[in-house]
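See below for the structure under consideration.
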Amino acid sequence: LAAAGEEAQIPRWVRINVIKTTVEEQLDTTFKGYDQVTTIEQVLAPSTGGKQRRILIDPHIPNLVAITQGTDLSKTEAYASGKIIFQDKASCFPAYLLDPMPEDGDVVDGCAAPGNKTTHLAAICHARRPNFETPDSQKIFAFEKDKRRSQTLTKMVKIAGSHGSTRVGFGQDFCQVDPMGQQFANVGALLLDPSCSGSGIVGRDTMPELHIPEASPAAGATKNMDKGKGKTSENKEGNTKKRKLDSKEEAQNSVMIDDEGNETVVNSEKDLEARLQALAGFQLKILLHALAFPAAKKVTYSTCSIHSQENEHVVMKVLESDVAQRRGWRIMKRSEQVRGMRDWPVRGLQESCGGNAEVAEGCIRSYKGDGHGVMGFFVAGFVRDGSTDEAMD
Ligand code: SAM
């Protein structure tokens, strides 16, 4: 019931893929006859015999619209041809916050499948640079460790029309990629959206569904149930599964299956804390790896978790790290963020940032069920000023 209630507070978010179409064209075709409204409450309001189909042009994220639930857009030509992409609003925050400009050079997406954020990055670059899709122009390197998920990524990149500019690192562990490699010399912006507990995903309890990376010293049992069976959900926005254990264990344990098909038994608060710590260790490691790219000037870090352990605590550890101190990485302040992110009202938790108000304000949060119509999410940006540079390495 809780999950059904949550879902009623979420519209269908649709990102208009500007590589293939425009908002105007979609309003005239796919969304012809929709009643244009100005608030999320109007989109979510139950229909009372009047117009059933309503559309809101999102005030924060460019080229994003919210649609009344219950309309099946998956059968439209626009969906089949990659002109529209289903993507929760909060999931659009990282690419928009990263804001890759032509002068930022090449872009990396370190944890890319199924490809929502990769294709969003491509759309942003495309909008800025008409020749973006030609060889030798600004490139996007999209790494994905899991081979099966890499296939989905490759497919999505193609459907979205981003394949000209995007190199898929198929089955490639981003932590094993050498930042000093010649092909990455011009990488100025990186997006890191690593595996997380998924506790912000709509339709789940706050008890997280965990993916413990193989290398992490995780407590408890975690295994991939679906590997090779092609059953895993490919989109964290809406396709999640959860089941209870049968038998006596049911009273104490929950089995959670995340969007990567990993099944985890959670026994207690202590067990949960140990798992969050294991995830945070992996998240910190992969983020520090991103900060080591020589030409990098901007990095975003995001999770669909509501837990501070995976969010503000990771940010604080990054800011205290050797690589951040040596290379001059700092938080991207709220005042430095793109307008829609600056205007977004829900910020990081100051008490989880050691009382540092500037860092907390720089962090962006969202919570499911808080009236904004989005999933639970976290994103922070890191920037590096030109003065502190490779000379110090
Ligand atoms: N950014 C994606 C999107 O918006 O569509 C969702 C990313 S999902 C939260 C995390 C992904 O990172 C998973 O597909 C997982 O297999 C991948 N991953 C985990 N560890 C990785 C690593 N070391 N290198 C590359 N990919 C990794």
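Just so you know, ligand 1 is whichever comes first in the structure, and atom 1 is the first atom listed for that ligand. None of the values given here were measured: they were computed from a predicted structure.
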Backbone, side chain, both or neither: what part of Lys145 comes under 4.0 angstrom of ligand 1, heavy atoms only? both
Applying a heavy-atom cut-off of 4.0 Å, say which part of Ala112 lies close to ligand 1: side chain, backbone, both or neither. backbone
May I ask you to say whether Lys117 pairs ionically with Asp109, meaning some side-chain N is under 4.0 Å from a carboxylate O? no
Check: Leu190 and Phe174 side chains under 4.5 Å, non-hydrogen atoms: yes
I'd like to check whether Cys111 has a polar contact with ligand 1, where a contact means an N/O of the residue lying under 3.5 Å from an N/O of the ligand. yes
Using the ring of each side chain (for Trp, its six-membered ring), is His60 parallel, tilted or perpendicular to Trp344, with breaks at 30° and 60°? perpendicular
Is the shortest side-chain N to carboxylate O distance from Glu336 to Arg342 below 4.0 Å? no
With heavy-atom distances below 4.0 Å as the criterion, list the atoms of ligand 1 near Ile286. 22 (C), 23 (N)
Looking only at non-hydrogen atoms, the one of Leu191, Asp88, Asp173 nearest atom 22 (C) of ligand 1 is Asp173
Less than 4.0 Å between a side-chain N and a carboxylate O, is that true for Lys298 and Asp104? yes
Any N or O on Glu144 sitting closer than 3.5 Å to an N or O of ligand 1? yes
If the cut-off is 4.0 Å to any non-hydrogen atom of Gln172, which atoms of ligand 1 fall inside it? 24 (N), 25 (C)
Can an N or O of Asp146 be found at a distance shorter than 3.5 Å from an N or O of ligand 1? no
As an exercise, identify every atom of ligand 1 less than 4.0 angstrom from a heavy atom of Pro194. 9 (C), 10 (C)
Taking the six-membered ring for Trp and the full ring for Phe, Tyr or His, determine whether the centres of Phe184 and Phe141 are under 6.0 Å apart. yes
Decide, yes or no, whether a salt bridge links Lys83 with Glu77 under the criterion of side-chain N to carboxylate O below 4.0 Å. yes
Group every Ile, Leu, Val, Met, Phe, Trp and Tyr by side-chain heavy-atom contacts under 4.5 Å, then state whether Ile286 and Val299 land in the same group. yes
Who's closest to atom 25 (C) of ligand 1 heavy-atom-wise, of Cys175, Gly110, Gly171? Gly110
Close-contact set for ligand 1 against Asp193 heavy atoms, below 4.0 Å: 1 (N), 2 (C), 4 (O), 6 (C), 7 (C), 8 (S), 9 (C), 10 (C)
Any side-chain donor paired with an acceptor under 3.5 Å for Ser91 and Asn116? no
Could you see which bit of Asp109 sits under 4.0 Å from ligand 1, with heavy atoms only: side chain, backbone, both or neither? neither
Below 4.0 Å from ligand 1: does a non-hydrogen atom of Cys196 turn up there or not? no
